[in-house]
Amino acid sequence: MAPSPVFIRHIELLRERIADPNAYPFSLPALRKLDKLKLDPHITFFIGENGSGKSTLIEAIAVAAGMNPEGGSRNMHFATRESQSSLHTALRLVRGYKRPRTDFFLRAESFYNVATAVDGYLATRSYGGKSLHEQSHGESFMAMANHRLGPNGLYIFDEPEAALSPQRQLALLARIHALVQARSQFIIATHSPILMAYPGALLYSLSERGIEQVEYEQTEHFALTRDFLLDRERYLRRIFER
């Protein structure tokens with residue numbers, strides 16, 4: 001694997017900038033204990049249950065890096081609804097010695113807004129030459145990954161698997177690998193055991209205990225998926241009998 005320039009080395013929560021530590025999102029258990037968090041030069045995954053704060057943290061990193069809160073690159077300036085948390089105001093990104101050549105924040109829940117902005121900017125050429133709105137959700141995600149993303153990039157994804165079939169998740173994983181080899185850095189929040197299986201990736205689990213580094217085989221995502229596939233009838237009986 002090619003050496004990475006490491007665009008973001010680690011993040012720090014500057015508590016002196018927090019007006020009320022008991023207010024959201026600083027009240028989240030995972031953020032209460034956040035001090036300094038090292039990022040992998042290739043891929044860092046944030047995993048955890050809904051409400052654990054992983055998407056909030058991903059959003060704050062993207063905004064602190066200068067990207068649009070609803071998604072897109074630092075060159076996109078649009079807002080359909082101001083909904084980002086204040087976490088980015090207390091977050092410090094400790095950067096490497098080089099700046100990325102390009103960047104992109106993929107946020108599954110607001111990608112429709114990005115697609116509208118792309119049409120408005122007449123920028124469909126950078127996404128394969130076809131309007132993202134004229135494709136399925138999954139097709140538009142892959143068009144973005146295959147055409148908009150390039151070498152030496154900083155890419156932040158929030159649940160990219162949301163619109164992708166398992167086969168498309170594998171295709172995205174292959175694309176991510178190609179970009180990692182081309183000296184790109186990824187920071188990804190996900191529920192997908194397929195994506196988080198990337199070899200050598202750094203995995204952080206967000207929970208009531210805080211933010212902990214975990215191995216892939218230790219994740220609930222891996223264990224639950226494995227056990228369900230090995231004995232799905234037992235799992236189904238158990239959940240149906242509740």
Side-chain angles (χ1 to χ4, degrees), residues 6-14 24-74 76 79 81-95 100 102-114 141 144-145 149 153-164 169 172-173 176 179-180 184-193 195-196 198 201-207 210-214 219 221:
V6 195
F7 302 123
I8 303 179
R9 295 183 180 276
H10 62 267
I11 60 175
E12 297 178 356
L13 186 63
L14 304 179
Y24 178 86
F26 307 104
S27 59
L28 291 170
L31 298 181
R32 277 188 180 278
K33 301 177 182 179
L34 177 60
D35 179 25
K36 182 177 179 179
L37 201 64
K38 178 184 176 182
L39 300 183
D40 188 80
H42 304 298
I43 301 184
T44 301
F45 286 109
F46 293 124
I47 65 174
E49 281 298 320
N50 296 331
S52 63
K54 63 184 184 303
S55 291
T56 301
L57 182 55
I58 277 281
E59 173 197 80
I61 295 172
V63 175
M67 300 180 210
N68 192 59
E70 292 186 41
S73 70
R74 64 174 54 248
M76 281 190 168
R81 180 170 177 254
E82 295 289 341
S83 60
Q84 67 268 24
S85 77
S86 60
L87 179 57
H88 68 278
T89 63
L91 206 62
R92 177 173 178 251
L93 307 185
V94 179
R95 301 176 184 266
T102 185
D103 55 45
F104 200 90
F105 177 30
L106 171 64
R107 189 171 199 170
E109 67 179 23
S110 55
F111 191 66
Y112 179 94
N113 302 336
V114 173
F141 269 38
M144 177 280 302
L149 308 188
L154 172 62
Y155 302 121
I156 302 176
F157 290 175
D158 183 19
E159 299 186 8
E161 72 277 7
L164 301 178
Q169 289 181 45
L172 178 60
L173 200 60
I176 287 172
L179 290 167
V180 165
S184 293
Q185 183 180 19
F186 286 83
I187 306 168
I188 303 173
T190 185
H191 292 290
S192 169
L195 296 182
M196 67 179 73
Y198 188 89
L202 177 59
L203 278 76
Y204 286 117
S205 175
L206 282 70
S207 69
I211 303 179
E212 304 169 301
Q213 183 178 344
V214 295
T219 66
H221 307 72

Less than 4.5 Å apart, any side-chain heavy atom of [X] and any of [Y]?
| X | Y | answer |
| --- | --- | --- |
| F105 | I58 | yes |
| P100 | Q185 | no |
| V214 | I47 | yes |
| L39 | L202 | no |
| T56 | Y24 | yes |
| L149 | S184 | no |
| L28 | L57 | no |
| H221 | H191 | yes |

Nearest 0.5 Å please: distance from the [atom1] atom of [X] over to the [atom2] atom of [Y].
| X | Y | atom1 | atom2 | answer |
| --- | --- | --- | --- | --- |
| L172 | I188 | CG | CD1 | 7.0 Å |
| F7 | I187 | CZ | CD1 | 11.0 Å |
| F186 | L179 | CZ | CG | 4.5 Å |
| F141 | F111 | CZ | CZ | 6.0 Å |
| I61 | D158 | CD1 | CG | 10.5 Å |
| Y155 | F104 | OH | CZ | 9.5 Å |

Between [X] and [Y], which heavy-atom pair has the shortest distance, and what is it?
| X | Y | result |
| --- | --- | --- |
| P29 | S207 | CB-O, 3.8 Å |
| S52 | L206 | CB-O, 3.5 Å |
| I11 | I8 | CG2-CG2, 4.3 Å |
| A62 | I156 | CA-CD1, 3.6 Å |
| L93 | A64 | CD1-C, 3.7 Å |

Verdict with supporting geometry, V94 and E12, side-chain contact (heavy atoms from CB on, under 4.5 Å): CA-CA 8 Å; V94 179; E12 297 178 356; 3.9 Å; yes
Residue from S86, P69, S85 passing side-chain contact (heavy atoms from CB on, under 4.5 Å) with V63: P69
Given E159, Q169, E161, K54, the one that forms side-chain hydrogen bond (donor to acceptor under 3.5 Å, both in side chains) with T190: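 Among E159, Q169, E161, K54, the one meeting side-chain hydrogen bond (donor to acceptor under 3.5 Å, both in side chains) with T190 is E161.
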D103 side-chain N/O to R74 backbone N/O, donor-acceptor pair under 3.5 Å: yes
For residues 30-38, please give each side-chain donor-acceptor pair under 3.5 Å, one per line with the distance, not counting sequence neighbours.
unit_1	atom_1	unit_2	atom_2	d
R32	NE	S27	O	3.3
R32	NH2	N22	OD1	3.3
K33	NZ	R209	O	3.2

